Structures are given as C-alpha cells and as structure tokens.
Amino acid sequence: MLRDAPKAIYLKDYTPPEYLIDKADLRFDLQEEQTLVFSRLEIRRNPGSTAAAGVLYLHGEGLDSRALSINGRSLTPEEYQVEAEGLSISSVPERFILESEVSIRPQENSALEGLYKSGTMFCTQCEAEGFRKITWFIDRPDVMTRFTTSIVADKARYPVLLSNGNIQSSENIGEGRHQVVWNDPFPKPSYLFALVAGNLRHIEDSYTTASGREILLRIYVEPENIDKCDHAMRSLKYSMAWDEQNYGREYDLDIFMIVAVNDFNMGAMENKGLNIFNSKFVLARPETATDRDFQGIEGVIAHEYFHNWTGNRITCRDWFQLSLKEGLTVFRDQEFSADMGSRGVKRIEDVRLLRAHQFAEDSGPMAHPVRPDAYIEINNFYTVTVYEKGAEVVRMLSLLLGSEAYRKATDLYFQRHDGEAVTTDDFVRCMAQAGGRDLAQFKRWYSQAGTPELRVSGEYDATAGNYLLTVEQSTPATPGQPVKQPLHIPFAVGLLNRQGRDIPLRLEGDSLAGATTRVLELRESRQSFRFLDIAEHPIPSLLRGFSAPVKLIFEYSDADLMFLMANDSDGFSRWDAAQILVQRILLRRISEPEEALPDGLVEAFGRALTDPDADKALLAEVLTLPSESYLGDQMEEVDVDGIHQSREALKQLLARELRAELLQVYYAGREQGGYDIEPASIARRSLKNICLGYLAQLQDEESLGLCVDQYRQGHNMTDVMAALSLVADSDADERGHLLADFYQRWQGDQLVLDKWFTVQALSRRQDTLEQVERLTRHPDFSITNPNRVRSLVGAFCSANPVRFHQADGAGYRFLTDRVLELDRLNPQVASRMLRLMTRWQRYDQSRQNLMRAQLQRVLAVASVSRDVYEIGSKSLES
Ligand code: 0A1
Ligand code: ZN
C-alpha cells in the first residue's frame with residue numbers, strides 16, 4: 001500500500017457533541033465561477049457533554065476560508081487551526097455567535113456531494129457528510145439546528161430558488177439578481193439541508209390533511225419534462241393519505257416540494273420539505289417509462305415522503321444507527337406498495353431482491369450487521385443490509401407484536417422521540433414496552449451479521465397421530481464475528497393434508513388452537529414443536545410469507561414441491577416451492593444436461609398457463625427463472641458457463657414443450673384498448689412478455705417476428721423494451737435496425753437513452769464486452785453521469801455474469817479501468833462499481849487470480865479514495 005491506511009470509526013467510541021448549534025443563518029451568493037457562503041451560527045456548549053470545555057471543532061472540506069469571527073471579532077491566525085477535514089478554534093465561550101465566509105466551486109464538484117451543478121441547475125446532496133463541503137459546521141446528525149437560508153442569484157438564469165421550510169421573502173435586488181429567503185421552523189441535522197437554483201417549471205396540487213390543513217404540493221423539473229410529472233404527484237398524494245391512515249402521521253410544513261435532477265448518486269433524498277430526486281424516480285409517461293419504472297417512482301416517492309417522520313422528525317443519533325430510519329422507512333414503503341398493487345407479488349419481489357443481493361452481501365467480504373459497529377467511509381454503508389435486511393427486522397417486530405400492538409408501539413415511538421436523534425435500541429424499547437414483550441434476544445438481529453440457516457426436519461408418528469417439527473438454527477461466521485449467538489426468529493408454518501388443505505393446528509402445551517398458520521418463536525439452537533391430532537403424514541409449508549430473513553433447509557422431494565406449488569394456501573410459499581424446484585433442476589442439469597424434468601412438471605406449467613382463473617401476476621413470477629447470479633450463490637464454486645447453459649437450455653426445453661400454450665397466452669395478453677397501470681394490466685403485460693421471452697428462446701423466425709412486431713407496434717415502453725431486449729440478445733437481421741431506430745427516436749431523452757445502453761450491455765451475445773467498450777466511447781456516454789454509468793457499466797458487470805466473467809479476465813480489466821477513471825471524479829459511484837468484483841473467492845482459481853490482480857491494481861493507486869480503499873482492502877483481506 002502506498003499511503004497511510006484510512007482509519008476506521010467505531011460505534012463504541014460515540015460521545016455526545018461538545019457544542020450544539022441552535023440556529024444557522026446562511027446566505028448563498030451563487031455566481032458563475034464560485035459560490036460565496038456566509039454563515040452565522042448560534043453555538044452553545046452542550047450541557048450533556050462530558051469533554052473538557054473550550055475547543056470547538058467544526059467540519060469543513062475543500063472550503064476556501066475568507067473570514068471567521070466570534071461575537072463580531074475577527075479571529076487571529078493563532079486562535080484557530082485549519083486541518084485536513086476541519087477547523088479547531090481554541091478558547092471559545094460557553095455561548096457565542098460564529099460568523100464565517102467561504103468560497104466553494106460547485107461547478108467543479110463532480111463527486112455530487114455538497115453543492116454541485118447538474119446541467120445548468122445548482123443542487124445539493126448533504127447526506128451523509130456533504131454539508132461540510134458547503135460551510136464550516138458540526139456535521140453530525142445529533143446536532144439539530146433551525147436553518148434560515150437566503151439565496152442570491154441571477155434572475156434570468158436561476159428564476160427558481162428553493163430551500164427547506166416555508167418561503168419568507170422574495171425580492172429583486174438590482175443588476176438582474178434576486179434574493180429568496182426560506183425558513184425551516186423544524187430543527188434538523190445538517191444532512192437534511194437542501195438548496196436548489198435553476199430554470200425550472202413545476203406542476204402544483206394540494207392535499208388536505210386529516211386535521212384539515214391545506215398543503216401546497218409542487219414538483220419542479222426542467223421545462224421539457226413538465227408533461228412527465230403526473231404519476232409522481234399522484235403517488236405523493238396517496239403516500240400522504242396512507243401515512244395518516246396507517247401510522248397516524250400528518251405532514252407538518254405548509255409546502256412539500258420535489259425537484260428532479262439528472263445527476264444524482266442515489267435514488268432520492270428526503271431533505272426537509274424539499275426532496276431532491278434522481279429524475280429516474282420522478283419522470284414517466286407510458287411511452288417513456290416501463291411498468292417497473294412507474295412502480296419504482298411510486299415506491300421512492302413514498303419512501304422519501306415517509307422519511308419526514310421516520311428520519312426527519314426523529315433522526316439518527318449517529319450513522320451507525322442508519323437503519324433506524326432506513327430499515328423502518330423501507331418497511332413502510334414496502335407495505336404502502338403492497339397496498340397500492342398486488343401484495344403477493346410485492347412480497348415476492350422484495351424477497352427476490354433480499355436473497356439475490358443481501359444474502360450475497362452477508363456471505364461476502366463486506367458482511368456487516370444491520371447496525372454496523374465500524375466503518376471507514378459511511379457512504380459505503382448505504383447497503384442492502386442496512387436497508388432491506390433492516391426492513392425485514394422491523395417486519396419481524398410487527399409480526400411478533402401483531403398489527404395492533406405494532407401500531408401502539410410506533411405511536412409511542414413518535415410521541416416519545418419526536419424532535420430527537422435516537423438509536424435502534426430506543427426504537428426496540430418502544431416495541432418492547434408497547435408490545436409487552438421481552439426483546440432482549442431479538443436485538444441480536446441488529447448486531448449480528450450473516451444469514452441464519454434453519455435446518456428443519458419433520459417426523460410423523462402415525463400411532464400417536466402427531467407431527468414433530470425440529471428446527472436447528474445457526475449463522476455462519478462473518479468477517480470479525482467468528483462466533484454467533486442464537487436469534488429470536490418468528491417462523492410461520494402450516495401443515496397440508498394429502499388433499500392439499502390446511503390442517504387446523506394444535507400445538508402441544510399451548511391453548512391456542514385452530515389457526516392454520518402458526519408463528520413459532522425460535523430462540524434456541526435446537527427446538528422441537530409437536531403438532532397434535534394429525535391424521536396422516538402432512539406436508540409442511542415452512543417460512544410462510546417469508547416470516548424471517550433466513551435460509552431454510554428442508555429435505556423436500558421434487559413431488560412434495562410440486563404438491564406445494566399446486567396447493568399451498570400461502571401464495572408466497574407456492575411461488576417459493578416452484579423456485580426451489582426449478583433451482584434444483586437447473587443446478588442438477590449443469591452436470592447432467594440431459595436429465596429429464598420431474599414427471600408432471602411441464603403439464604403443471606401447461607395447466608397453469610391455460611387456466612383462465614390463474615393469478616397472472618403470480619404465474620409471471622413462477623415462470624421467471626432464478627437469475628444466473630443467484631444460482632451461482634447456491635454453488636460451492638460458481639460455474640459461470642455451466643449455469644448459463646443450463647438456464648438457457650431449460651428455457652428452450654420449456655418453450656419447445658409449451659409452445660402452443662405460450663403462444664395462446666401471448667396473443668391473449670396483447671394490448672387491446674387503452675393503456676393503464678392498474679395491477680391487472682401490469683400482470684397481463686408481464687405474463688405476456690415472459691411468454692414472449694420463452695418463445696424467443698427458440699430463435700425461430702416466427703418468435704423473432706413476434707418480437708419485431710411488438711417493438712414496431714410500440715404500444716408502451718414496457719412492451720417496447722421487452723421486445724427490444726429479446727432482439728438485442730439474438731442474431732436477428734433486424735437487430736441493428738431496431739437499435740438504431742430506438743436511438744434515433746429517443747436521442748434527446750436521457751432516461752430512455754439509459755435503457756438503450758442497458759439493453760446492449762445485457763445482451764448474451766459473444767461480442768457484448770466489445771460492444772460495451774465501444775459504447776463507452778459513444779458521444780452520449782458520460783462517465784460523470786451516475787445513471788449513464790450504471791446503465792452501461794453497472795448493468796454489464798452486475799447482470800450479465802456470463803460475459804462479465806469471461807475466462808480471459810477482460811471484463812475485470814474493463815471494470816477496473818472504469819473504477820480508476822471514476823474514482824478521480826466520483827468516489828461514491830466508483831466504490832459501488834468496485835463492489836461488483838469483490839466476491840472473487842466464489843470463483844475458480846484462474847478467475848480468482850485475475851480478479852485479485854485487478855483489486856491490487858486499484859489499491860496500488862496512491863490517491864485512491866477512502867470509499868474505494870475500504871471496499872478493495874476488505875475484499876482482499878477476506
Ligand atoms: N437517504 C436517502 C438515500 C441517500 C443516501 C445517501 C446519499 O448520498 C450519499 C443520497 C441519498 C434515502 O434513503 O432515500
Ligand atoms: Zn431512505
């Protein structure tokens with residue numbers, strides 16, 4: 001290593017802030033070369049601090065300091081010291097006013113943290129530690145401040161000037177400039193600060209809260225996108241109503257604003273009263289956005305809106321508590337989406353994501369608990385573990401408490417902690433108290449990393465007429481946590497009789513009887529449960545609804561799985577049985593490509609396809625084969641090519657066997673009449689396009705003809721993209737024409753153009769890496785735009801394993817080149833890309849060596865960022 005290793009920060013070292021900032025008056029003078037930031041802070045010593053008084057430390061990075069004074073007196077150079085990441089001032093009084101002036105250069109800010117420019121517009125991103133790139137501040141979430149923000153800018157270029165809270169004044173100040181002042185009455189941490197300035201248009205609506213307050217709602221976008229905001233506005237209003245009904249939470253300011261920006265590192269940001277969104281999660285019209293895009297917008301709008309209570313009114317004491325706001329808010333947005341669309345499908349999608357990404361994270365070098373206990377760079381901890389596993393933890397609490405007690409517990413949480421910066425322990429304490437439950441053991445879910453495994457076995461005693469279910473739990477070791485403790489796990493089970501009906505359950509030693517699903521509570525390494533009055537050998541239905549984020553191991557026969565697929569009363573479990581069976585078949589056929597399918601499977605799929613009463617949404621999920629990466633995770637050593645061939649071959653086999661049925665469903669599902677995004681229409685389109693995917697696997701003229709026709713008819717973006725991606729995978733003559741046609745048509749629409757890059761990055765054709773490299777030189781490719789990088793580099797390296805992992809290591813070199821290029825510009829995005837190569841240990845020796853060599857190449861760069869350093873070094877250490 002050429003440089004000093006960056007230092008880790010530990011949860012155990014937390015101490016309360018030594019000083020508090022009650023009030024911040026900021027003035028931004030936005031100019032074309034630089035921005036001047038004037039700040040007036042009311043600071044006082046924190047009575048809760050245990051540290052010796054007198055030295056004030058303020059965070060600040062890359063600030064050109066122009067002036068600094070305390071109580072109106074300029075500081076002499078001896079009175080303060082500027083360090084790499086902040087400023088120390090010695091001998092400050094108990095209470096004082098600190099004034100400063102700094103100059104910053106948003107125009108040169110390619111990291112997209114702090115104040116930066118996206119196109120012609122100024123905007124901010126302050127979570128987690130971006131505010132320190134704007135001005136001197138105590139930039140930590142447990143310092144909560146009332147902000148007033150005045151913005152001065154050229155009126156013609158920047159007619160719209162926004163910040164948090166309510167508008168206080170707006171005036172022209174001469175020389176073509178104007179000034180707008182915003183005041184946010186709610187104390188907030190600096191990470192929730194936001195500012196926007198630009199030539200924007202908005203749509204407007206209003207919402208009347210349960211208590212009768214009228215809230216002004218505005219969505220700001222660049223002028224050409226003004227016709228793509230309606231879905232976002234509708235989603236916002238539904239979210240506001242849902243939070244009132246389900247959590248009793250009303251909005252608090254007079255105005256709620258959303259701004260869409262094109263250059264954004266993440267999905268969106270919950271700044272108080274002024275949410276800033278990646279335009280991907282705002283803009284949609286049927287011609288430009290797929291059903292998934294529409295659903296994504298609805299979910300992200302809800303997520304950010306819900307943060308107003310779970311994140312803003314009650315925030316995190318420190319960044320180790322990130323899941324306090326993120327896990328809870330994801331659980332809330334998942335439930336909202338379940339209520340808005342198909343609950344069953346939403347649960348399947350969430351579990352698919354968790355298993356594919358979070359289970360992988362939990363078994364790799366970056367494994368960490370929901371509440372991590374150390375980090376080098378906090379931006380690396382906005383992870384699927386903190387977000388999605390965190391949501392599962394809250395979901396388990398709601399299941400253990402039951403819906404009524406869970407609501408009481410959240411009411412208590414809001415009432416007790418409003419206006420505070422708290423910890424996950426504080427949250428669980430509310431759950432325990434309102435639920436009347438001992439959750440001491442449950443809290444291990446926050447501190448213990450790794451995915452627990454449940455080994456389950458069943459024994460039927462025909463003479464006594466009972467069924468004994470034995471569950472053993474264990475969690476594999478993860479980096480830094482060699483030994484694991486047993487967890488408190490809600491384990492939902494049912495038993496099916498031979499007719500496929502649920503058996504009413506009576507458990508030995510307990511009085512509750514008759515329910516057909518029981519939530520067993522596991523607390524020990526090994527536990528048994530005896531079910532009484534069981535007349536025949538039952539088939540257990542285990543982990544119903546995915547009641548806990550665990551891996552289930554039970555020796556089902558193929559026939560048992562087919563039985564559950566057909567009969568389980570729990571939709572999630574029917575899907576899961578199908579997935580397990582298909583996964584098994586796919587893995588077996590890697591070594592035995594000619595192995596026949598289990599008896600009756602093709603017939604079962606055929607019946608489901610032709611059943612007029614079938615749940616189309618669920619059927620579409622059942623017919624979606626597990627991804628190649630997920631299948632790889634199920635192997636001792638990932639066989640990249642074997643998995644690809646097995647999966648392609650099974651698709652082809654099913655397509656051949658079920659051609660007639662697939663065609664029938666395809667034709668029946670074609671667009672008739674107007675387009676809408678009702679759940680039933682989404683399900684119909686999704687099933688139809690899955691059928692087309694199977695048919696295209698035949699690579700015959702008729703199927704490819706259907707794809708080309710569907711593309712040309714171009715009813716909506718869902719159908720266009722489904723068709724185009726199948727053609728892009730093929731050698732069809734029309735391939736080049738269609739891609740060129742799409743480019744011509746959508747050249748000016750950045751979000752649609754992202755799809756054009758992705759569809760080529762995901763092609764399974766041999767020449768894909770070459771094409772992807774070529775596309776990095778395309779005039780529309782931009783390394784500084786995170787969406788574009790994700791659409792090409794991210795898509796290729798994360799979702800095209802057979803091409804990314806090609807045996808000569810060219811994919812790894814390609815990714816490393818991009819990471820090094822990006823790291824100089826945008827470390828957050830660079831480190832996210834590098835993650836895609838960190839699970840090298842899962843592959844054969846030759847690929848391991850190739851990946852390791854590239855990781856070493858990254859770490860050998862002296863100027864590598866903290867973000868990339870942490871990911872690279874943890875991966876190599878493991
Ligand atoms: N809090 C936001 C996500 C977010 C996190 C970090 C960011 O920059 C480092 C930006 C956004 C959310 O959960 O939506
Ligand atoms: Zn969030």
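Counting starts at 1 for both ligands and their atoms, in listed order. Here the structure is a predicted model, which is why all the values come from computation and not from measurement.
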Do [X] and [Y] form a cation-pi contact, if we require the NZ or CZ to be under 6.0 Å from the six-membered ring centre and within 45 degrees of the ring's axis?
| X | Y | value |
| --- | --- | --- |
| R313 | F414 | no |
| R317 | Y14 | yes |
| R395 | F331 | no |

Structural part of E129 in contact with ligand 1, heavy atom criterion under 4.0 angstrom: neither
Contact with ligand 1 for [X], non-hydrogen, under 4.0 angstrom:
| X | value |
| --- | --- |
| G267 | no |
| E113 | no |
| N379 | yes |

Aromatic ring proximity, centroids under 6.0 angstrom, F277 and F264: no
Ring centroid separation Y158 to F122 under 6.0 Å: yes
Heavy atom of the protein closest to atom 1 (N) of ligand 1 (residue, atom name, distance): E127 OE1, 2.6 Å
Nearest-contact summary for atom 13 (O) of ligand 1 - protein heavy atom, Å: Y387 OH, 2.7 Å
Mutual orientation of the aromatic rings belonging to Y382 and Y387 [parallel < 30°, tilted 30-60°, perpendicular > 60°]: tilted
Parallel, tilted or perpendicular, as decided by the 30° and 60° cut-offs, for the rings of H368 and F381: perpendicular
Electrostatic pair E335:R347 at N-O distance under 4.0 angstrom: no
Short N-O contact, R788 and D754, less than 4.0 angstrom: yes
As an exercise, identify every atom of ligand 1 less than 4.0 angstrom from a heavy atom of [X].
| X | answer |
| --- | --- |
| H307 | 12 (C), 13 (O) |
| M266 | 4 (C), 5 (C), 6 (C), 7 (C), 8 (O), 10 (C), 11 (C) |
| E304 | 12 (C), 14 (O) |
| K325 | 1 (N) |
| Q828 | 8 (O), 9 (C) |
| A268 | 2 (C), 3 (C), 4 (C), 11 (C), 12 (C), 14 (O) |
| H303 | 12 (C), 13 (O), 14 (O) |
| E270 | 1 (N), 2 (C), 12 (C), 14 (O) |

Any V221 side-chain heavy atom under 4.5 Å of H202 side chain: no
Backbone or side-chain N or O of M269 under 3.5 Å from ligand 1 N or O: no
Apex the Zn ion (ligand 2) - arms OE2 from E326 and NE2 from H307 - angle rounded to 10°: 90°
